[in-house]
Protein chains: 2
Amino acid sequence: MAITEVPDIVIGRLPIYLRALTLLGEAGHEFTSSQELGQRLGIGSAQIRKDLSHFGEFGKQGTGYEIKYLRDQISKILHVDRDWDVALVGFGDLGQAIAHYAGFIDEGFHIRAIFDNDPAKLGRVVNGKVVRNVSELPETIAKLGIKMAIIATPASVAQEVADKLIKNGVKAILNYAPITLSVPDSVRLQYIDPVVHMQRMTYYLD
Amino acid sequence: MAITEVPDIVIGRLPIYLRALTLLGEAGHEFTSSQELGQRLGIGSAQIRKDLSHFGEFGKQGTGYEIKYLRDQISKILHVDRDWDVALVGFGDLGQAIAHYAGFIDEGFHIRAIFDNDPAKLGRVVNGKVVRNVSELPETIAKLGIKMAIIATPASVAQEVADKLIKNGVKAILNYAPITLSVPDSVRLQYIDPVVHMQRMTYYLD
DNA sequence: TAGATTGTTAATCGATTAACAATC
DNA sequence: TAGATTGTTAATCGATTAACAATC
């Protein structure tokens with residue numbers, strides 16, 4: 001039996017499943033089924049069962065899945081059964097909103113260092129973190145052992161920032177700057193660009 | 001010849017092409033090729049040519065694509081060769097960052113109405129727009145004829161807000177609330193959830 | 001037991017890629 | 001002309017879906 005890599009598209013759905021399970025759990029449900037889950041998410045039940053089958057057997061014929069158990073298992077698979085330290089680069093409007101976003105903390109993502117290059121912003125304190133000059137980035141994230149970063153800078157400096165982050169040990173980047181970055185295969189990269197989403201929808205409008 | 005729908009996954013790449021073309025244009029380039037574009041975007045050149053072939057012939061053998069021309073054509077295809085009025089619901093940290101985001105205006109997306117249900121926020125003015133109570137949403141967006149909206153509310157009220165938007169004529173929603181929404185097929189829906197992106201990356205970290 | 005739902009197989013569907021004739 | 005690159009076809013690859021035996 002050859003080692004089969006789990007497709008990234010499957011990995012991409014696991015956080016969605018996790019979110020739905022958390023919601024169901026908070027609503028007081030104890031069990032669910034691939035059918036119920038699929039209905040809520042607009043996904044086929046077969047796809048959900050197939051996705052989960054890459055990692056093991058989590059359900060029971062006739063009764064479905066115990067929500068709390070499945071939730072814990074997916075958390076482990078995704079490595080979110082622990083806390084993650086995150087660096088944030090760029091402290092404009094967007095960076096500030098990110099720094100304040102409670103959703104990150106709730107899910108175990110903690111912004112431990114914030115960087116900007118605007119002298120007016122340096123020294124400001126958010127949730128106990130000081131905004132530092134980008135010149136301090138290398139030693140700060142290397143010292144803290146930070147592996148994840150969020151880029152919320154203008155597009156013009158995003159590649160340069162990414163290079164610096166990677167050189168100092170960052171392995172995963174969430175990029176809000178509206179530009180395609182070039183990174184080594186060993187570094188994970190995700191994009192958030194609201195304009196891209198809006199333009200994808202206008203195609204269907206008239 | 002049967003009418004062939006262009007796959008949505010192709011539509012999803014067009015804004016990326018557009019962004020790259022704009023960047024190349026601003027850098028002073030006049031022509032590009034599917035190869036150059038592909039290299040910059042980490043996409044195969046054949047895929048770019050195939051994607052474009054759904055809409056027509058925009059290049060020239062031997063020389064490639066004229067950047068300005070291709071940019072204009074893709075803009076037309078995506079219906080972003082015009083301005084779009086947008087409603088924003090939710091004026092917390094995130095909503096405020098969205099309201100201030102210059103990237104939207106640059107690309108022709110104009111936030112014409114802002115809603116929240118927190119009395120403390122009502123009446124505040126951003127870029128000439130007043131924050132209104134959600135109770136005024138129906139008549140306001142119906143009157144303005146708004147077709148696009150951005151939801152930046154807590155998850156708990158997002159579905160209710162979406163329903164209200166759709167009932168009053170909205171056809172496309174960009175949802176920042178961390179919950180899967182249920183909407184009719186006739187309504188376009190895109191999601192932005194940074195936590196989902198982060199969790200998708202931690203799978204590959206250890 | 002009867003009903004429900006899993007995990008998995010095989011079929012289908014759709015997207016990506018390689019290759020190349022056409023032609024600028 | 002020679003070199004480059006398009007648009008398109010056909011082959012490959014991978015993902016989704018339907019169906020069902022197993023079993024709780």
Side-chain angles (χ1 to χ4, degrees), chain A residues 1-17 20-21 24 29-71 73-74 77 180 185 200 203, chain B residues 1-17 20-21 24 29-71 73-74 77 180 185 200 203:
Chain A
M1 192 180 77
I3 295 167
T4 318
E5 193 123 326
V6 179
D8 181 63
I9 198 162
V10 172
I11 304 303
R13 281 190 292 262
L14 295 185
I16 310 289
Y17 299 163
L21 290 166
L24 280 168
H29 297 236
E30 200 174 340
F31 291 91
T32 189
S33 64
S34 59
Q35 174 144 103
E36 181 182 47
L37 222 36
Q39 191 132 23
R40 287 187 172 247
L41 299 176
I43 287 179
S45 63
Q47 180 164 83
I48 292 175
R49 295 198 302 280
K50 185 107 218 288
D51 284 353
L52 296 176
S53 74
H54 286 99
F55 306 99
E57 308 191 353
F58 307 109
K60 204 180 274 190
Q61 285 100 327
T63 54
Y65 304 92
E66 201 212 325
I67 289 171
K68 194 182 163 337
Y69 175 72
L70 183 56
R71 211 201 155 288
Q73 294 302 305
I74 297 181
I77 292 165
T180 300
D185 284 348
R200 183 177 186 157
Y203 172 77
Chain B
M1 191 181 78
I3 295 167
T4 317
E5 193 122 327
V6 179
D8 180 63
I9 197 161
V10 172
I11 305 303
R13 281 190 292 263
L14 295 186
I16 309 290
Y17 299 163
L21 291 166
L24 280 167
H29 297 237
E30 200 174 339
F31 291 91
T32 188
S33 65
S34 59
Q35 173 143 102
E36 181 181 48
L37 221 37
Q39 190 131 22
R40 289 188 170 246
L41 299 177
I43 287 178
S45 64
Q47 181 163 84
I48 293 175
R49 295 198 303 279
K50 186 105 217 286
D51 284 352
L52 296 177
S53 76
H54 285 99
F55 305 99
E57 309 191 352
F58 307 110
K60 204 180 277 189
Q61 285 99 326
T63 54
Y65 304 93
E66 201 212 326
I67 289 172
K68 195 180 163 339
Y69 175 73
L70 182 55
R71 212 203 154 286
Q73 293 303 306
I74 296 180
I77 292 165
T180 300
D185 284 348
R200 183 177 187 157
Y203 172 77

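Numbers restart at 1 for each chain; the letters A, B, ... are given by sequence-line order, proteins then strands. Just so it is clear, the values below take in all heavy atoms, side chains as well, and ignore hydrogens, waters and symmetry mates.
- By the side chain to side chain contact (heavy atoms under 4.5 Å, CB included) test, Phe55(A) is found to be paired with Val6(A), Val10(A), Ile11(A), Leu14(A), Phe58(A), Ile77(A), Tyr203(B), residues two or more places apart in sequence or in another chain being considered.
- Considering only residues two or more places apart in sequence or on other chains, Arg200(B) meets the salt bridge (charged side-chain N to carboxylate O under 4.0 Å, His left out) condition with Asp8(A).
- Sequence neighbours left out, the pairs with a member in residues 32-42 of chain A that pass side-chain hydrogen bond (donor to acceptor under 3.5 Å, both in side chains) are Thr32(A)-Glu36(A), Ser34(A)-Arg49(A).
- Residues Leu37(A) and Ile43(A) form no side-chain contact, since every pair of their non-hydrogen atoms from C-beta on lies 4.5 Å or further apart.
- Residue pairs meeting the side-chain hydrogen bond (donor to acceptor under 3.5 Å, both in side chains) criterion with at least one partner in residues 51-64 of chain A, sequence neighbours excluded, are Arg13(A)-Asp51(A), Tyr17(A)-Asp51(A).
- A heavy atom lying under 4.0 Å from DNA chain D marks the following residues of residues 57-67 of chain A, by number: Lys60(A), Gln61(A), Gly62(A).
- Closest approach of Ala20(B) and Leu41(B) over heavy atoms only: CB-CD2, 3.9 Å.
- Here the CG atom belonging to Leu52(B) is positioned 10.5 Å from the CD atom belonging to Gln73(B), to the nearest 0.5 angstrom.
- Residues Ile67(B) and Leu21(B) come closest through the heavy atom pair CG2-O, 3.5 Å.
- In the 5' to 3' direction, nucleotides of DNA chain D lying under 4.0 Å from heavy atoms of chain B begin and end at dA4(D) to dT9(D).
- Residues from residues 44-56 of chain B with heavy atoms under 4.0 angstrom of DNA chain D, sorted by number: Arg49(B), Lys50(B), Ser53(B).
- The line from CD1 of Ile48(B) to OH of Tyr65(B) is 8.0 Å long, rounded to the nearest 0.5 Å.
- A heavy atom lying under 4.0 Å from DNA chain D marks the following residues of residues 31-42 of chain B, by number: Ser33(B), Ser34(B).
- With sequence neighbours excluded, the residues satisfying salt bridge (charged side-chain N to carboxylate O under 4.0 Å, His left out) with Lys68(A) are Asp72(A).
- Stem analysis of DNA chain C (at least three stacked-register Watson-Crick or G-U pairs, each with both distances under 3.5 Å) gives C:3-24 with D:3-24.
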